[in-house]
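Data first, discussion second: the structure below is written as structure tokens.
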Amino acid sequence: MSKPSTNANKPAGQAKPDNAPASNFLRHIVEADLAKGTNATRTWSGKPGPANTHLGEPDDPAKIRTRFPPEPNGYLHFGHAKSICLNFGLARDYGGVCHMRFDDTNPEKEEQEYVDAILDSVKWLGFDWKAFGAEHLYFASDYFDVMYAAAEYLILTANAYVDSLSADQMRTMRGTLTEPGKDSPYRERSVAENLALFQGMRDGKFAEGEHILRAKIDMASPNINLRDPAIYRIRKATHHRTGDKWCIYPMYTFAHPIEDGLENITHSICTLEFEDQRPFYDWLLERLAEGGLIQRPVPRQYEFARLNLTYVVLSKRKLIELVTDKHVEGWDDPRMPTLVGARRRGYTPEGFRMFAERVGVAKSHSWIDYATLEECMREDLNERAPRRIAVLDPLKLIIDNYPEGQEEECHPPNHPQKPDWGKRGVPFSRELWIEREDFEEVPPPKYFRLYPPGVTPAGDTSPGNKVRLKYGFVVECTGCDKDADGRVIAVHCNYFPDSKSGTPGADTYKVKGTIHWVSAKHAYTAEVRLYDRLFKVPNPGAGDRDFILDINTESMKIVTAQLEPALREAKAGEHFQFERHGYFVPDRFDPVSGEPEFNRAVTMKDAWQK
Ligand code: ATP
Ligand code: MG
């Protein structure tokens, strides 16, 4: 299992090609805990609960418990994918379970729509929360009663008090990084008074902001997070699950450790911004363990560097802005760095898992180049995508010496490295579609594709160029037709009947260029969307700049393509390599005919590296 650790900054090309998990500091911590039996004494009643519910129950069957705790206030983005792969991956690899937990303690902005989409995306990435015969899908809002009891316990033990300062006063009295804070005049309220006020808060007797419950720790602590942090506030809002039962809600920093504690989480993994919160996390769980509310050993928090990816934004606030201000077509716009967008774009779960392994887990911030993600998708798609032929910028090619009305089949392989995937028949006829760029009336130097007969700079006449129509015949260009504006509308050629690929003697024709084609009569004409990066700079919104100004206004190009006929039947979830063009997925099926349009997931090679 032990492997040298991957360096987050290592370019994709140098990373290990295998999919074995690379070791990292979190794996070391888990392995050390397992070796020491740190969590071996815990028991588990079968569902989350305070210490007394687990007492006398069997040993926890899970060797470790991690959790993925999104707030259901938006769709999951690529950063979440890293956290999902990490938490579910650790549980899978060490005989544990990863809890799927909605951190829905904030009544505003949370919706069922997001809950459903998040569950869907986690499953799509290839993970589930079933283990040891049970589903481990939890909602923090189910713990409100316990959280309330924990708050009362803190009041009773003189570890919390109700403060009645205004938010502004509290802010000024909190002090700064260099100056200690000042005690609130309400800090020495009696236990009885605090309890009565807190119960009054719960019973709706006060307005929002009138009182707040604070932990009583140390206003002079060098860590500002320990200067009597707020733990419960009044919010007269309807919660998406508990309705109007509560008008007070716990603060995230209070709720999260309790959620972890009730669920027997062993390793609570979060991003680096929470490092300064760890002392409060430990303080709170220690108090609650003393009070017999949380089972020992209490969960431990570990921090890792969040994923920063160039050319995208990974913050829900910014993603929401892109959607609500209609810079994109929705959360699942294929250009969005959301998992629902990625799926429509044609990215694969396997590609994301490879990416998560490759970028690794680090303790300090770094930026990952978007090209690393694309390379993972390309590598995965290369393995799984059958090859198809598509002409994205069609120009007619007429084979004048091919009999009118005649048709035959050519037989391209479905995957050049996988002969067992077989070959398929594609129709060939007198008129074909080729790429416009595969013909030049006046060829530039070293151009080996189609060009007509002409006169060389030395004054000699030169014949039209010969190319192989891939999987088909060799043709020689004879000229072209133009419209009134001088635009080429058709290219003419003659073919060599004995040159068909795969027939004896075909390889005696030596040509320097090979081009692809689709029979015009049989082609499936479809809309194809070619996506580019949503932002034109690596760090959108760097400095004080509005990130909206960095949007790439040409991030989507729509073409009417001519596709090999079988693509008419493409089904959702299939992936294809369009030879020379990259990897594509069917998307937006016609409601009547069921025929698809296509999205490009990624080009054949990294066009941005040039
Ligand atoms: P955002 O900053 O986009 O609002 P968030 O952290 O508020 O994200 P949550 O729904 O609270 O979003 O996050 C759920 C989990 O995903 C958290 O444990 C968080 O640490 C993790 N996570 C969020 N963004 C990233 C990221 N960029 N890289 C790694 N993990 C992330
Ligand atoms: Mg958050």
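FYI, the numbering just counts along the sequence from 1. In each ligand, atom 1 is the first atom listed, and ligand 1 is the first ligand listed.
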Report summary line: Looking only at non-hydrogen atoms, the one of H80, K316, E303, R317 nearest atom 22 (N) of ligand 1 is H80
Suppose I only count heavy atoms of [X] and a 4.0 Å limit; which atoms of ligand 1 are within that range?
{"X": "S83", "value": "16 (O), 21 (C), 30 (N)"}
{"X": "L314", "value": "3 (O)"}
{"X": "S315", "value": "3 (O)"}

Short N/O distance, under 3.5 Å, between [X] and ligand 1?
{"X": "E71", "value": "yes"}
{"X": "L307", "value": "yes"}
{"X": "K82", "value": "no"}

Query raised in the report: Considering the options F68, F88, F352, which one meets the ring-ring contact (aromatic ring centres under 6.0 Å, His included) requirement together with F127?
Result: F88
**Report entry** F274 near ligand 1 by a heavy-atom separation under 4.0 Å
**Finding:** no
Requested in this report: Tell me, please, whether F547 has K318 positioned over its six-membered ring: NZ or CZ under 6.0 Å from the ring centre and within 45 degrees of its axis?
Outcome: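 Flagged: K318 positioned over aromatic ring of F547.
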For the pair [X] (side chain) and [Y] (backbone), establish whether a donor and an acceptor sit closer than 3.5 Å, ignoring hydrogens and angles.
{"X": "H211", "Y": "F198", "value": "no"}
{"X": "H136", "Y": "A131", "value": "yes"}
{"X": "Q277", "Y": "N225", "value": "no"}
{"X": "T266", "Y": "I64", "value": "no"}

**Report entry** Salt bridge present between R241 and D142 (N-O < 4.0 angstrom)
**Finding:**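 Salt bridge flag = yes for D142 with R241.
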Query - ligand 1 contact on F78 by region, counting heavy-atom pairs under 4.0 Å - result: neither
